[in-house]
Participant: 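A single structure is presented below for examination.
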Number of protein chains: 2
Amino acid sequence: MRTPPLAQDDPRPLTLRDVSEASGVSEMTVSRVLRNRGDVSAGTREKVLEAAKALGYVPNKIAGALASQRVNLVAVIIPSLRNMVFPEVMTGISRVLEETELQPVVGVTDYLPEKEERVLYEMLSWRPSGVIIAGLEHTDASRAMLKASGIPVVEIMDVDGTPIDTAVGISHRRAGREMAKAILKAGYQRIGFMGTKMPLDHRARKRFEGFTELLAKSGVEMADQEFYSGGSALKKGRDMTREMLERTEDLDFLYYSNDMIGAGGLLYLLEAGIDVPGRVGLAGFNGVELLQGLPRQLCTMDACRDEIGTKAAQIIAQRVFDPAAEYERVVEMTPTISYGDTLKRR
Amino acid sequence: MRTPPLAQDDPRPLTLRDVSEASGVSEMTVSRVLRNRGDVSAGTREKVLEAAKALGYVPNKIAGALASQRVNLVAVIIPSLRNMVFPEVMTGISRVLEETELQPVVGVTDYLPEKEERVLYEMLSWRPSGVIIAGLEHTDASRAMLKASGIPVVEIMDVDGTPIDTAVGISHRRAGREMAKAILKAGYQRIGFMGTKMPLDHRARKRFEGFTELLAKSGVEMADQEFYSGGSALKKGRDMTREMLERTEDLDFLYYSNDMIGAGGLLYLLEAGIDVPGRVGLAGFNGVELLQGLPRQLCTMDACRDEIGTKAAQIIAQRVFDPAAEYERVVEMTPTISYGDTLKRR
DNA sequence: CTGAAAGCGCTAACAC
DNA sequence: GTGTTAGCGCTTTCAG
């Protein structure tokens with residue numbers, strides 16, 4: 001007898017052995033019942049379930065994972081939870097994984113490559129079944145770890161670059177170009193840009209690049225631009241918009257790198273009694289739910305957040321289920337512009 | 001020799017043994033180096049580190065955890081990531097845990113008790129070092145699991161009830177009462193309430209109860225009320241406010257169960273040209289950053305989100321570090337009202 | 001249908 | 001300083 005009678009004050013977690021002894025069934029059979037594996041007679045089954053419940057047994061997945069060499073976790077590595085973008089991606093991921101036995105585990109990088117590397121290392125050390133990670137830009141060490149891991153890796157949000165394994169997202173360069181096209185087509189010519197400081201956010205940078213690139217092609221130069229970091233985005237949008245219009249009075253369009261600062265700008269313009277979109281047009285990026293509550297609909301472009309999460313999770317699930325199957329390396333979603341009320345139509 | 005020479009196409013994850021063989025140092029010593037435990041000569045140390053790096057070895061925490069009976073994870077169980085409240089609590093938790101070797105792992109319940117139970121079961125099966133869980137209301141099974149787990153449990157956000165182990169939060173009943181007091185003191189008498197459907201959110205319910213209770217004590221009855229669920233909160237606030245003021249024309253104050261619908265209401269009133277706070281006063285709850293960008297500051301009450309996260313993590317860290325130490329069972333934070341511009345002062 | 005034996009990859013506890 | 005041994009709690013495999 002290895003295990004002495006349980007002392008009242010010993011909070012040692014219960015083991016399979018405890019359930020086995022309580023039910024008079026071998027550990028192996030108890031394990032089978034608890035995992036719904038193999039055939040077990042209804043009688044034994046019931047005995048085991050009863051004992052497990054009575055004791056309040058919670059299986060030890062650590063031991064289970066070590067023995068079975070299988071861990072039903074999917075590491076999801078994202079820059080931030082405060083962005084609204086990522087909670088929505090998570091929604092898509094969760095919805096898909098809930099129908100499998102896989103579970104998402106979230107790690108947050110705060111947009112810092114070194115933190116991403118640490119988080120990734122920590123997560124990989126739990127030997128997850130797959131990785132979903134935001135962006136295509138990673139440190140060399142991170143890329144090496146992902147390659148060496150031997151598990152499905154899906155890089156999400158962006159397709160402008162070379163994926164390690166698979167990418168699901170939109171082309172932010174193209175998104176920037178498309179918006180620039182729409183703005184020029186509407187007849188705007190004096191365009192200002194406001195956005196986050198670039199080094200922090202590759203996707204915002206790519207949109208900016210695509211945007212300026214298309215303007216340049218049409219012989220239009222960005223008339224003004226400003227970058228911010230930190231603080232309340234809504235307030236930043238408000239303040240930056242005021243400042244920019246004071247500084248460059250003849251601007252007729254403002255392109256924002258996200259909807260939150262765009263909304264701040266819109267609120268400011270409406271208060272200031274400036275005609276939108278006649279005197280000044282506006283556009284943001286993301287299609288956040290918040291916008292629906294604004295007095296006027298901001299022109300924006302959706303980032304296909306839910307679809308990206310959904311597709312990424314599907315790819316992981318499919319590849320875990322059937323490792324030999326073929327799969328697409330790059331899945332590019334097509335974002336659409338919602339014109340709203342802040343861009344002249346003609 | 002147990003391990004055959006590595007086939008090129010075998011993506012078997014590396015083990016300590018691989019590093020041991022590559023460096024010519026025993027597994028045990030390799031383990032010591034990698035964990036910074038015990039004394040190892042500088043020479044061996046270097047050899048090991050080099051080999052590990054060259055191979056791209058990532059330790060297997062599953063095996064480590066099983067062997068050492070220690071898992072440096074803290075389960076954090078919250079209703080939603082979309083609420084802005086919880087990302088901020090997470091910030092506090094992360095900041096504290098980053099200075100320890102503990103790591104938060106998030107589980108989301110969508111405000112569903114049964115999902116909470118499932119998530120809790122899953123997380124406990126990984127034998128975390130502690131649990132931080134939102135709210136004091138749980139299923140009997142959840143409470144039983146938490147009690148039986150033998151690990152520190154901190155219930156956060158709310159202190160109106162009996163904690164399983166420890167609670168850190170504010171009294172939402174008191175918060176409701178305080179706001180009612182401030183509103184009455186400002187001279188408002190015809191008060192309407194808008195909020196989420198109650199069964200989904202105990203803390204909103206408690207605020208509502210405290211609020212109506214104090215009104216009743218002063219002989220004031222709620223003049224109108226409406227509950228919503230789902231959709232864009234900002235838009236709901238806008239729409240519900242319009243409807244309520246059409247329905248009950250003599251209302252002079254609107255109390256919202258959260259700042260987002262309050263902000264929607266504020267935007268509507270400003271557009272409609274209704275005098276705020278003269279004709280109608282407004283108050284919300286939470287103190288979300290978003291408000292700073294609005295044309296007028298909404299009267300609100302902060303929920304001490306960051307402090308709650310911070311304190312909860314500190315309690316967990318301290319108790320993991322020193323299980324024998326004494327600790328407070330209930331830590332009540334004191335939220336303060338920011339009057340802003342939507343409540344008459346006198 | 002059920003059970004016994006042998007690990008999974010690592011670390012605690014000891015030897016040397 | 002370094003190595004050896006014996007598990008951690010479970011599942012795989014194979015025998016009945």
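Just so we're on the same page: letters track the sequence lines, and every chain starts at 1.
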Participant: Could you please name the option among D:dT2, D:dG9, C:dG3 that lies closest to any side-chain atom of A:Leu66?
Facilitator: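 Of all the options, the side chain of A:Leu66 is nearest to D:dG9.
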Participant: Whether B:Thr29 contacts D:dT2 is assessed here as follows: a side-chain N or O lying under 4.0 Å from the phosphate OP1 or OP2. Is that the case?
Facilitator: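 No, outside the criterion.
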Participant: Could you tell me whether the side chains of A:Ser26 and A:Thr29 share a donor-acceptor contact shorter than 3.5 Å?
Facilitator: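 Yes, A:Thr29 and A:Ser26 have a side-chain donor paired with an acceptor closer than 3.5 Å.
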Participant: In chain order, what residues pass the salt bridge (charged side-chain N to carboxylate O under 4.0 Å, His left out) check against A:Arg127, with sequence neighbours excluded?
Facilitator: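 Salt bridge (charged side-chain N to carboxylate O under 4.0 Å, His left out) list for A:Arg127, sorted by chain: empty.
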Participant: What is the distance, to the nearest angstrom, from the CD atom on B:Glu21 to the P atom on C:dG9?
Facilitator: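 Result: 13 Å.
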Participant: A:Glu101: what forms a side-chain hydrogen bond (donor to acceptor under 3.5 Å, both in side chains) with it, not counting sequence neighbours?
Facilitator: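 side-chain hydrogen bond (donor to acceptor under 3.5 Å, both in side chains) list for A:Glu101, sorted by chain: empty.
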Participant: I'd like to know if the side chain of A:Thr44 reaches the main chain of A:Ser41, judged simply by a donor and an acceptor atom lying under 3.5 Å from each other, with no hydrogens or angles considered.
Facilitator: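 The answer is yes, because a donor-acceptor pair under 3.5 Å joins these two groups.
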Participant: Given D:dT4, is OP1 or OP2 found less than 4.0 Å from the side-chain N or O atoms of B:Ser26?
Facilitator: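 No, because none of the side-chain N or O atoms of B:Ser26 sits under 4.0 Å from OP1 or OP2 of D:dT4.
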Participant: Partners of A:Ser129 by side-chain hydrogen bond (donor to acceptor under 3.5 Å, both in side chains), sequence neighbours excluded?
Facilitator: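 A:Ser129 satisfies side-chain hydrogen bond (donor to acceptor under 3.5 Å, both in side chains) with no other residue.
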Participant: Would you indicate, yes or no, if C:dG7 has its OP1 or OP2 atom less than 4.0 angstrom from a side-chain nitrogen or oxygen of A:Gln69?
Facilitator: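 No, because none of the side-chain N or O atoms of A:Gln69 sits under 4.0 Å from OP1 or OP2 of C:dG7.
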Participant: Minimum heavy-atom separation for A:Val40 and A:Arg37, please, with both atom names.
Facilitator: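 Closest approach of A:Val40 to A:Arg37, heavy atoms only: CG2-O, 4.3 Å.
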Participant: For nucleotides 10-16 of chain C, just jot down a letter per nucleotide in 5' to 3' order: B, S or -, based on protein non-hydrogen atoms under 4.0 Å.
Facilitator: BBBB---
Participant: Could you tell me how far apart B:Leu34 (CG) and D:dT2 (C1') are, to the nearest whole angstrom?
Facilitator: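 So the CG-C1' distance, B:Leu34 to D:dT2, works out to 16 Å.
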Participant: Would you work out how much the helix from C:dC1-D:dG16 to C:dC16-D:dG1 bends between its ends, with each end axis defined by five base pairs, to 10 degrees?
Facilitator: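 Here the local axes at opposite ends form an angle of 30°.
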Participant: Are a donor atom and an acceptor atom from the side chains of B:His138 and B:Glu155 found within less than 3.5 Å of each other?
Facilitator: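 Present: a donor and an acceptor within the cut-off.
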Participant: Please identify each residue that fulfils salt bridge (charged side-chain N to carboxylate O under 4.0 Å, His left out) with A:Arg319, with sequence neighbours left out.
Facilitator: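 By the salt bridge (charged side-chain N to carboxylate O under 4.0 Å, His left out) rule, A:Arg319 matches A:Asp165.
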